[in-house]
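Remarks on the structure that follows.
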Protein chains: 2
Amino acid sequence: MGERPALSKAELEVARVLWELGEATVRQVHETLSASRKIDFATVQTYMRRLESKGYARTWLDGRTRVYTPSVKPATVIRETVDDLVERLFGGETLPLMQHLIEDRGVSGEDLAQLRALLDRLEEDGHGK
Amino acid sequence: MGERPALSKAELEVARVLWELGEATVRQVHETLSASRKIDFATVQTYMRRLESKGYARTWLDGRTRVYTPSVKPATVIRETVDDLVERLFGGETLPLMQHLIEDRGVSGEDLAQLRALLDRLEEDGHGK
DNA sequence: GTATTATGCGTACATTTGTACTGGAGTCAA
DNA sequence: TTGACTCCAGTACAAATGTACGCATAATAC
């Protein structure tokens with residue numbers, strides 16, 4: 001049932017903002033995005049329309065204003081996106097990616113602790129898979 | 001000096017094969033790729049030409065046959081690609097991605113050990129950043 | 001040598017992506 | 001009731017992407 005076309009990079013950005021806001025108008029998303037990069041209102045509008053047509057968001061009119069809300073959970077999209085990347089870039093292997101993340105991008109002390117906690121948890125209840 | 005245009009998904013796949021083989025003709029790359037998915041010879045050829053024109057590979061003729069070799073290290077491309085993904089999908093935060101990797105994709109027992117080792121190593125010599 | 005096969009080059013082309021302008025229609029202030 | 005705004009739908013359009021066909025030439029097989 002889940003054959004949505006994949007989201008492009010720019011669309012992902014918009015989707016992320018939408019997840020953050022939960023429910024938002026184009027204007028709100030545009031404002032949020034504008035904080036970090038220059039982007040036209042109409043451009044955001046197009047992305048959101050595409051989000052909807054690709055099945056990643058639902059939308060309705062609240063009076064004059066169109067409201068969007070995500071219809072696919074971030075976890076799902078993340079899984080699909082990351083899986084694809086891991087597939088293409090590492091032939092499906094996860095470890096090299098983690099290695100890269102840990103070694104090449106700074107992992108803060110806090111993050112380290114959290115990671116450890118995660119590993120511990122995993123090791124306890126039936127690890128592997 | 002490094003303003004290469006980014007590689008597309010399909011190009012990444014080809015690049016990966018090229019890294020693996022170190023030096024290869026279109027035919028070799030095509031054969032390797034064919035193992036996992038149906039793809040036309042000429043298509044691979046186009047990708048490799050694009051790899052070269054984007055500055056990711058060098059090439060020359062060995063007699064009749066054109067040989068390609070990567071001119072950018074995997075680590076570099078991986079960094080650029082992953083950084084971009086992390087930026088767009090997680091707003092720049094690394095931890096959520098790792099969490100996803102560890103929780104949602106099976107990490108084997110072996111991998112776990114390796115990860116731990118990595119963390120240990122990091123913690124020793126000046127951790128953080 | 002002549003047919004067959006490999007290769008490389010150029011070209012093509014439909015889609016998707018990134019980005020944005022335009023015009024109409026409601027809304028508010030003066 | 002005339003601007004000045006705001007918001008939406010539609011359209012536009014160049015560049016990038018995915019995918020491949022066709023032609024010329026060189027290598028091989030008969």
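Lettering of chains follows the sequences in order, A, B, ..., and the numbering in each one begins at 1.
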Inset, instruction - Would you list the pairs meeting ring-ring contact (aromatic ring centres under 6.0 Å, His included) in which at least one residue belongs to residues 12-37 of chain A, sequence neighbours left out? - result: A:His30-A:Phe41
Legend entry - Residue pairs passing the ring-ring contact (aromatic ring centres under 6.0 Å, His included) test where at least one lies in residues 68-105 of chain A, sequence neighbours excluded: none
Examine distances only and state if a side-chain atom of [X] and a backbone atom of [Y] form a donor-acceptor pair shorter than 3.5 Å.
X	Y	result
A:Ser71	A:Gly55	yes
B:Glu80	B:Val77	no
A:Tyr56	A:Pro5	yes

Check salt bridge (charged side-chain N to carboxylate O under 4.0 Å, His left out) between [X] and all other residues, then give those that pass, not counting sequence neighbours.
X	answer
A:Arg50	A:Glu11
A:Glu31	none
A:Arg27	none
B:Arg64	none

Legend entry - Atom CD of B:Glu93: over 12 foreign heavy atoms under 6.0 Å: no
Legend entry - Contact interval (first through last nucleotide) of DNA chain C with protein chain A, 4.0 Å heavy-atom: C:dT17 to C:dG26
Inset, instruction - Mind listing the residues from residues 44-57 of chain A sitting with a heavy atom below 4.0 Å of DNA chain C? Number order is fine. - result: A:Thr46, A:Tyr47, A:Arg50, A:Lys54
Inset, instruction - For DNA chain C, find the residues of residues 14-35 of chain A with a heavy-atom distance under 4.0 Å and give them by number; none if there aren't any. - result: none
Inset, instruction - Could you list who else is in B:Val67's hydrophobic cluster, with ILVMFWY side chains joined at under 4.5 Å, directly or through other members? - result: B:Trp60
Inset, instruction - Could you identify which residues cluster with A:Leu61, counting Ile, Leu, Val, Met, Phe, Trp and Tyr as linked when any side-chain heavy atoms lie under 4.5 Å apart, either directly or through a chain of such contacts? - result: none
Please classify the nucleic acid contact of [X] as base, sugar-phosphate, or nothing, using heavy-atom distances under 4.0 Å.
X	result
B:Arg88	nothing
A:Ala42	base
B:Thr43	base

Legend entry - Terminal contacting nucleotides, 5' and 3', DNA chain D versus chain B (heavy atom, 4.0 Å): D:dT17 to D:dA27
Inset, instruction - Could you check B:Phe41 against A:Lys38 and say which one's nearest nucleotide on DNA chain C is further toward the 5' end? - result: B:Phe41
Inset, instruction - Apply side-chain contact (heavy atoms from CB on, under 4.5 Å) to the pair A:Met48 and A:Val14, showing each step before the final yes or no. - result: CA-CA 7 Å; A:Met48 295 186 67; A:Val14 173; 3.7 Å; yes
